Amino acid sequence: MLFLRCQPRVPSASAPPFRPRVRVAAPLGVRVTGGRRGQAVVAMASADARLAGIASSIRVIPDFPKPGIMFQDITTLLLDPKAFRDTIDLFVERYKDQGITVVAGVEARGFIFGPPIALAIGAKFVPLRKPKKLPGEVISEEYSLEYGTDKIEMHVGAVQANDRALVVDDLIATGGTLCAAVKLIERVGAKVVECACVIELPELKGRDKLGDRPVFVLVEADA
Ligand SMILES: O=P(O)(O)OC[C@H]1O[C@H](OP(=O)(O)OP(=O)(O)O)[C@H](O)[C@@H]1O
Ligand SMILES: Nc1ncnc2[nH]cnc12
């Protein structure tokens, strides 16, 4: 079998020296094992050529926002119009025929990827915001993070019981944020069809928190 081993390039001249360790996730649930730690290992037959460009456009900043965190910086992906478009297109291709009526984006970085997906698939967009930002009546969920605790809120009435939801964020780490987002949507009786992220940190086992709700990611990175 052929394998693609992806050693991403440094995305911009202004990037600080670091060893980027973002790799392409095996798409559509096909995961191929056997690679050395930190290397991309994806069966060529199942890999979309766009994923390598997306992976290499993400900058990794060590020790941000605190020592020990390898911060996955998607702002460099946004500087690369092809990588940004490919990211949106891959999600749209997956979700356009799934009867999704609402895309819920998690503040802040879910607000970047969620709205273009919602527009392209003809769904409404609902922002899930940090506390005290939404002016109307809200429901809230608390959660813990890789580096702290937080809370997200959703406007009452924004999601209806008969909605089919896609939850979008840039990254799943411990899964606390996505889990809180899913709980908000399920509390009003709607169905969460899937959670979609650009990046997963598999070592942090965020999927475990989400039980049997499916999570779709484009690339994986070391925590
Ligand atoms: O899986 P988890 O451990 O919950 O972590 C993932 C969350 O952490 C980051 O957001 P952050 O809380 O840093 O907020 P920000 O997007 O406003 O910077 C990221 O954008 C996800 O929302
Ligand atoms: N390592 C990480 N990089 C970027 N965002 C994050 N959110 C939680 N962990 C993160």
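For ligands, and for the atoms within them, numbers begin at 1 and follow the listed sequence. Here the structure is a predicted model, which is why all the values come from computation and not from measurement.
With a 4.0 Å cut-off on non-hydrogen atoms, L201 touches ligand 2 through its side chain and not its backbone. Here D170 has side-chain heavy atoms under 4.0 Å from ligand 1, and that is the only part of it that gets that close. Contacts between D169 and ligand 1, counted as non-hydrogen atom pairs separated by less than 4.0 Å, involve the side chain only.
Linking ILVMFWY side-chain heavy atoms closer than 4.5 Å, directly or via other members, places V138 and V182 in two distinct hydrophobic clusters.
Using a 4.5 Å heavy-atom threshold, the side chains of M154 and V126 count as touching. Using a 4.5 Å cut-off on side-chain heavy atoms (C-beta onward), F216 and L218 make contact. Between P127 and F111, some side-chain heavy-atom pair lies under the 4.5 Å cut-off. Side chains of K209 and T174 form a contact here, defined as non-hydrogen atoms less than 4.5 Å apart. Counting heavy atoms from C-beta on, the side chains of S57 and T76 never come closer than 4.5 Å. Counting heavy atoms from C-beta on, the side chains of T87 and I74 never come closer than 4.5 Å.
Taking CD1 of I117 as the reference point, atom CD1 of I88 lies at 4.5 Å (rounded to 0.5 Å).
Close approach of ligand 1 to T177 (heavy-atom distance below 4.0 Å) involves ligand atoms 2 (P), 4 (O), 5 (O), 6 (C), 7 (C), 22 (O). Atoms of ligand 2 found under 4.0 Å from any heavy atom of M70 (numbered from 1 in listed order, with element): 1 (N), 2 (C), 3 (N). Interface of R109 with ligand 2, defined as ligand atoms under 4.0 Å from a residue heavy atom, comprises 4 (C), 5 (N). Residue K130 approaches ligand 1 through these ligand atoms, each under 4.0 Å from one of its heavy atoms: 14 (O), 15 (P), 17 (O). Near A173, meaning under 4.0 Å from one of its heavy atoms, ligand 2 places the atoms 8 (C), 9 (N).
Taking all atoms of both residues into account, the shortest heavy-atom contact from M70 to D222 is CB-O, 4.3 Å.
Inclusion of I172 in the set of residues having an N or O under 3.5 Å from an N or O of ligand 1 is not warranted. Close N/O approach between Q72 and ligand 2 is found [any backbone or side-chain N/O within under 3.5 Å]. Polar contact with ligand 2: absent for L171 (N/O pair, distance under 3.5 Å). Checked by distance only, ligand 1 and D150 stay at 3.5 Å or farther apart across all their nitrogen or oxygen atoms. Between G175 and ligand 1, an N or O atom pair is found at a separation short of 3.5 Å. The distance criterion of under 3.5 Å between nitrogen or oxygen atoms is met by A108 with respect to ligand 1. For ligand 1, none of its N or O atoms has an N or O atom of Y143 under 3.5 Å away.
Which of K209, E200, R109 comes nearest to atom 11 (P) of ligand 1 through a heavy atom is settled by distance: it is R109.
Screening E107, E153, E141 for a salt bridge (Lys or Arg N to Asp or Glu O under 4.0 Å) with R129, the sole residue that qualifies is E107.
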